[in-house]
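Single-structure report; data block below.
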Amino acid sequence: MELDAKVCYCFHVSKRKILSFIRHEKPRVPSLISECGGAGTGCGWCVPFLKQIHAQCLESGSANLEILHSDDYAKGREAYIKAGKGKPPANPNNPA
Ligand code: FES
């Protein structure tokens, strides 16, 4: 996954933005990444990836999601939504 690829589709938060947030804010737990533009507070699809990024970033200072292709990630989220596992926010510009 490229640095500028979206990780949270609900709130359009990129991997770059999340890494920067973690490096600067050093959130103790992954759920605090929600303070980065509301990441992870919509449909929930990105939460496992936010947890991975958080763990990797604390361990090594960066996150290695390169094995994950952005298109596959987006398709995975689409299938997740269609399966009724999560609901995107009605107003993505106003995270709850
Ligand atoms: S993709 Fe992040 S909460 Fe939906």
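For ligands, and for the atoms within them, numbers begin at 1 and follow the listed sequence. The residues of the chain are indexed from 1 along the displayed sequence.
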- Query: Does the side chain of Trp45 reach to within under 4.5 Å of the side chain of Ile81, using non-hydrogen atoms?
  - Reply: no
- Query: Measuring to atom 4 (Fe) of ligand 1, does Cys46 have an N/O/S atom at a distance below 2.8 Å?
  - Reply: no
- Item | For Gly44, atoms of ligand 1 separated by under 4.0 Å from a heavy atom | 3 (S), 4 (Fe)
- Task: Report the distance from atom CD of Gln52 to atom SG of Cys46, rounding to the nearest 0.5 Å.
- Result: 11.5 Å
- Note on the structure: Distance col, row His54:NE2 vs Leu19:CG, nearest 0.5 angstrom, shows 11.5 Å
- Message: Could you tell me, atom by atom, which parts of ligand 1 come under 4.0 Å of a heavy atom of Cys43?
- Response: 1 (S), 3 (S), 4 (Fe)
- Task: Any chance you could measure Cys8, atom SG, to Lys17, atom NZ, to the nearest 0.5 Å?
- Result: 10.5 Å
- Short check: any N/O/S atom of Cys8 below 2.8 Å from atom 4 (Fe) of ligand 1? no
- Query: Roughly how far apart are Leu50 CG and Ile18 CD1, rounded to 0.5 Å?
  - Reply: 5.0 Å
- Query: Evaluating non-hydrogen atoms only, which member of Tyr9, Tyr73, Phe49 is closest to atom 1 (S) of ligand 1?
  - Reply: Tyr9
- Hey, which atoms in ligand 1 end up nearer than 4.0 Å to a heavy atom of Gly42? 3 (S)
